[in-house]
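We use all heavy atoms of the structure for the numbers below, so side chains are in, but hydrogens, waters and symmetry mates are not. Labels below follow one simple rule: chain letters A, B, ... track the order of the sequence lines, proteins then strands, and each chain is numbered from 1.
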Amino acid sequence: MAAYPFADIEQKWQNFWQEHHINTTQDDFSKPKYYILDMFPYPSGAGLHVGHPVGYVATDIIARYKKMKGFNVLHPMGFDAFGLPTERYSMVTGIHPIEATAQNVETYKRQLGMLGLNYDWSREVNTTHPDFYKWTQWIFLKIYNSWYDKVLNKARPIDELPIPSELTDDIEIDKYRDEHRLAFIANIPVNWCEALGTVLANEEVDEWTGKGYTVERRPMRQWMLKITEYADRLLEDLEPLNWPTSTKEMQKHWIGKSVGAEISFPVLGEEDSIRVFTTRPDTVFGATYIVLSPEHPLVEKITTDDCRIAVDEYRKQASLKSDLERTELSKEKTGVFIGEYALNPATKKEVPIWIADYVLAHYGTGAIMAVPGHDERDHEFASAVGLPIVRVVTSNPRYFEERLVNDNEPDITVAAFTDYGFNVDSFNNEVSLDGLPTQEAKEKIIAWLEETGIGERKVQFRLRDWLFSRQRYWGEPVPIMYFDDGTKRSLDEDELPLVLPEVENYNPAGTGESPLATVDSWVNFIDKKTGKHARLETNTMPQWGGSCWYYLRYLDPHNSNAFCDFTKQQYWMGDNGVDLYVGGAEHAVLHLLYARFWHKVLFDYGLVSTKEPFAKLFHQGMILGEDNRKMSKSMKNVVNPDDVVREFGADSLRVFEMFMGPLESVKPWATKGVEGVSRFLNRAWRMIANEEYELSEHVQDIQMTPKQEFIVHSLIKKVEEDIESLGFNTAVSQMMIFVNEFTQTEIKPRQAMETFVLCLAPFAPHISEELWRIMGKTTSVCLEKFPTWDADKLVQSTVEIVLQVNSKIRSKIIVSADAHQESIEQIALLDEHVQKHIGTMTVRKVISVKGKLVNFIVG
RNA sequence: GCGAUGGUGGCGAAAUCGGCAGACGCACAGGACUUAAAAUCCUGGGCCUCGUAAGGGGCGUGUGGGUUCAAGUCCCACCCGUCGCACCA
């Protein structure tokens, strides 16, 4: 028996959809909206493998379903096309990135179209098109021209920044403003690779050092975005989002809020004080030494002469280590004494100052008060180098009287006691924490610190400012120009976009600057607005730029006056933003945090109407190769969708990817599984169509039996609920059950067949369109209403009751659904299997669950 | 180490509120159709055990406990897998 002609059908209906603009989304504000979004792909040269479209198929099903439910659905697609792989490809081949990108995009669009994914391509965005990156630059400048008002808790225009009265000089005022901008220039240590002549992102370092390159930490001039100003809001607004727990937890941890205090430790014989941050100010009486990070600015100044050689050597060693090496697992802690002492402000005792690379320069103040009795790391270090360890907290509240700790509490010299407890030996002339539980001790000591001016309450975040420049060609140019007199200006809106120039080669300049620095005609010019000679910024933006706001451009992709019309934005984003965002879990932190940050800046300016961009987020699971390993060229286990579509058709591929298992799980590919799904679609076809591709003579206009109605309405209910909850695998199962049932039925009621096709349509749209036509319909099935189910049809006249004796199943009976409990129990008791197991024993108790079981407890 | 998440047949998996474990599919076995094969259709099946058979009995959702008439589902302890973070003071 021949398979249904999927190849002809799929081509035919894809053409039909395109010709009839089936998926062109209108801005019809009268309808309820549904905005469903896929994370847009980076168009790589390799094209798609079968793992890529799994999320796109899911969103396509939901989009088609929601449309059948009467929603105005926006389901757009675009390309995140800036990035290093394309630039590398261009270095090797000489093919311009624009051209390479265009080719790759074409391949992607062909493959996506082949799968019957009904994107509205009239809204396509591409981050590398000047029409698009004009607005990426525009938003960047919005950020650049802002400062963060901590009182109003929002970004405001830099012109509104209050200037301290003592600043009168223009240059000084400018500098003051620059320090407060949300985009600023800083000299920070980056991963510099001399041989490659470029900086590397943290995640790239491993790759290159593995190939034998050396990477060093070197301070360089970089653009930074002050995402840290939004730390609290990014944390708070996370809570109500309908996102996977794991992703919310990861973002929470990434932001890393911790509450404690900053305390000053005066350096003996110097004017300087060392500021430390601690979450346990209650342990200040146990601080027996101070540790500065090797990069701490005071090290240079206060190291004594006799310690200088050792200190310099240690600092040099530390600078050569990458972050990774410095934080390596179970590494012995090292450090050196710098020769100076500080005063513990609580105990008034002298404590030695050390440097050690277990203290990070970029967290807190880059210095700590070490409390070896109550911090594992400090304990480890103190034990290694022989510094004093004292107890100031114990779990035994009666420690005072007895000077004894609880049995389960370790000797303080052996291990740190890090739990909360009660303070001991924590007093001076002004304050005593003795006997107080940790929480109260914290409050009391902070009050004392603030009274005496020694320290203050402090909230610290792990989140760092965002390094926003790359020394690359293939990225958005930063639209800032510098004049010879040391002043600078950002481009005005009418000067955007600042377009990338043509270049001869894409290699880095060799000076730590991007390839753009070598294009003299682009970099150096006379500024038309000021008439002054100017030099352009040569850094470009990182790949995250475009993806921070692309979801807004889809709403109004051709607008040349704004990144997006506000009214359209209001309609499509609604109260909570994108209704459903589907994409890989690998973007759980970076992309999803950066996009939230940009969105909040736009929100502060009233340019978007929601606090958050993505109301609901879902991560689809990866599809592995048939060998259970990650699909990759080198493993030779890549399955190409083109092959699958050629052999089984796009509908089979779509339905199989949904049938494989839960959307969120990682699961291996199985060609045999596609065959199974293909069999199902063929059975569905034959259920309705005959060998001549006409309506089968077995499909007739007859009344459904109650049992058939039950099957039909169960199908509608299950498919509807499963699409809403993204449980596509069980929706497919239900459709299979339907086909199994009706294949065995001689005469198939036409009504049942129509309902089936409507339910199948979101999943397998091509075959559904064709079957719809075969059943004599003249419309497109995807423009039909989704069927509704009737609860009355799901009530069965008889039910099966399980009979148990002492909770073991011994028999089953079928009774009328409205039978009385007592009569069921009577029938049950007379059942021969039940009788056999009861035997001579007495029935002590009977448990009946309506419609389910009767359980006789005997003994 | 910390955080999240998962563990069910030979395989992918299902199971609403604690109520028939294994739906649906793959693979497998038997049968029908066929000269034959493919395709298709029908039937079977968790494991062990007793029985020639019909049929019966026991065990079974990572492990060990607990609650309950009843546990894949709830509680406690532990083991293993996956992902993320990892000296953040």
Side-chain angles (χ1 to χ4, degrees), chain A residues 1-3 244-254 256-258 260 276-281 283 287 291 324 326-331 333 356-360 362-371 374-378 380-381 418 460-464 585-586 588-589 619 621-622 628 656 659-662 664-677 679-680 682-683 686 721 727 729-740 743-744 800-809 811-812 833 836 844-858:
Chain A
M1 206 175 291
T245 323
S246 56
T247 302
K248 281 165 92 168
E249 284 301 315
M250 279 164 72
Q251 290 217 354
K252 231 169 155 174
H253 182 247
W254 191 263
K257 181 177 183 170
S258 46
V276 303
F277 171 72
T278 176
T279 54
R280 293 292 299 272
T283 62
V291 188
L324 212 82
R326 272 177 68 159
T327 60
E328 219 166 284
L329 258 162
S330 68
K331 194 183 55 125
K333 287 189 172 40
D357 65 5
Y358 81 92
V359 174
L360 308 173
H362 52 70
Y363 184 77
T365 58
I368 61 156
M369 63 174 207
V371 185
H374 305 286
D375 181 282
E376 277 171 28
R377 297 150 300 183
D378 296 341
E380 204 187 311
F381 186 72
T418 58
Q460 187 66 48
F461 292 93
R462 206 185 82 104
L463 183 70
R464 291 199 257 163
E586 65 273 19
V589 178
H619 299 306
M622 208 188 340
N628 249 305
F656 175 62
F659 183 62
M660 290 172 81
E664 67 273 23
S665 342
V666 178
K667 44 211 178 274
W669 183 256
T671 302
K672 285 288 183 191
V674 196
E675 284 176 27
V677 165
R679 263 199 286 276
F680 155 67
N682 273 296
R683 278 156 63 86
R686 287 195 303 270
E721 287 175 355
N729 53 333
T730 45
V732 176
S733 296
Q734 196 66 33
M735 290 191 269
M736 287 173 168
I737 290 169
F738 180 97
V739 171
N740 289 348
T743 298
Q744 291 170 338
E800 195 185 48
I801 303 288
V802 170
L803 306 184
Q804 299 180 330
V805 178
N806 279 348
S807 306
K808 290 208 159 129
I809 295 151
S811 186
K812 289 169 190 179
H833 300 283
K836 191 178 136 197
R844 301 192 185 280
K845 196 175 171 188
V846 181
I847 292 154
S848 287
V849 181
K850 194 174 183 302
K852 293 244 163 88
L853 60 79
V854 178
N855 187 3
F856 297 99
I857 308 303
V858 299

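- Closest to the side chain of N855(A), from the set G57(B), G19(B), C85(B), is G19(B).
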Which parts of nucleotides 22-29 of chain B does protein reach within less than 4.0 Å, heavy atoms only, written one letter per nucleotide 5' to 3' as B for base, S for sugar-phosphate only and - for none? -BBSSS--
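- Using bins of under 30°, 30° to 60° and over 60° for the plane-to-plane angle, the ring pair Y358(A)/F381(A) lands in the tilted bin.
- Interface remark: the K845(A) side chain does not form any donor-acceptor pair with the C69(B) base, using a distance-only criterion of under 3.5 Å.
- No donor-acceptor pair closer than 3.5 Å links the side chain of N682(A) to the backbone N or O of A3(A).
- G57(B) shows a glycosidic angle more than 90° from 0 and is accordingly assigned anti.
- Side-chain contact between V732(A) and V677(A) is absent, with no heavy-atom pair separated by less than 4.5 Å.
- Across C17(B) and G6(B), the matching P atoms stand 15 Å from one another, rounded to whole Å.
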With a cut-off of 3.5 Å and sequence neighbours excluded, list every side-chain donor-acceptor pair involving residues 846-858 of chain A.
{"unit_1": "S848(A)", "atom_1": "OG", "unit_2": "E825(A)", "atom_2": "OE2", "d": "2.5"}
{"unit_1": "N855(A)", "atom_1": "OD1", "unit_2": "S807(A)", "atom_2": "N", "d": "3.0"}
{"unit_1": "N855(A)", "atom_1": "ND2", "unit_2": "Q804(A)", "atom_2": "OE1", "d": "3.3"}
{"unit_1": "N855(A)", "atom_1": "ND2", "unit_2": "S807(A)", "atom_2": "OG", "d": "3.2"}

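- Comparing A21(B) with G72(B), their P atoms are spaced 8 Å from each other, to the whole Å.
- Within 4.0 Å of K248(A), counting heavy atoms only, lies no atom of the nucleic acid at all.
- Distance noted for atom C1' between A89(B) and C79(B): 33 Å (whole Å).
- Rounded to the nearest Å, the gap between the C1' atom of U73(B) and that of U16(B) is 12 Å.
- P662(A) comes within contact range of the sugar-phosphate backbone alone, with a heavy-atom separation under 4.0 Å but no base atom that close.
- Looking at heavy atoms from C-beta onward, H833(A) lies out of side-chain contact with L803(A) at the 4.5 angstrom threshold.
- Counting any heavy atom pair closer than 4.0 Å across all strands shown, D375(A) reaches no nucleic acid atom.
- Taking side-chain N and O atoms only, Y358(A) has no distance below 4.0 Å to OP1 or OP2 of A89(B).
- As judged by a 4.0 angstrom heavy-atom cut-off over every strand, T743(A) is placed among residues making no nucleic acid contact.
- Nucleotides G22(B) and A77(B) place their C1' atoms 28 Å apart, quoted to the nearest Å.
- The glycosidic torsion of C17(B) lies within 90° of 0, placing the base in the syn range.
- I809(A) comes within 4.0 angstrom of sugar-phosphate atoms only, judged by non-hydrogen atoms across all strands, and of no base.
- Between G9(B) and G3(B), the two C1' atoms lie 33 Å apart (nearest whole Å).
- Of the candidate nucleotides C41(B), A4(B), G84(B), C41(B) has the atom nearest to the side chain of R686(A).
- As rounded to the nearest Å, G81(B) and C76(B) have C1' atoms that lie 22 Å from one another.
- Taking the side chain as every heavy atom from C-beta outward, K248(A) and Q251(A) never approach each other to under 4.5 Å.
- In this structure, K252(A) reaches neither bases nor backbone, as no heavy-atom distance under 4.0 Å exists between it and the strands shown.
- Distance from the side chain of E249(A) is smallest to G3(B) among U5(B), G56(B), G3(B).
- Among the nucleotides G19(B), U43(B), C20(B), the one closest to the side chain of V849(A) is G19(B).
- In this entry U40(B) has A32(B) as its Watson-Crick or G-U wobble partner, both defining distances falling under 3.5 Å.
- Within 3.5 Å, a donor on the side chain of K333(A) pairs with an acceptor on the base of C87(B), or the reverse.
- When heavy atoms are screened at a 4.0 angstrom cut-off, E721(A) is found touching no nucleic acid atom at all.
- Q804(A) comes within 4.0 angstrom of a nucleotide base, judged by non-hydrogen atoms across all strands.
- In this structure, K808(A) reaches the sugar-phosphate backbone alone: every heavy-atom distance under 4.0 Å involves primed, P, OP1 or OP2 atoms, never a base.
- Of the C1' atoms belonging to A32(B) and A36(B), the separation is 15 Å, rounded to the nearest Å.
- Base engagement by I847(A) is indicated by at least one non-hydrogen atom pair under 4.0 Å involving a base atom.
- At a threshold of 4.0 angstrom between heavy atoms, the contacts of H619(A) with the nucleic acid are absent.
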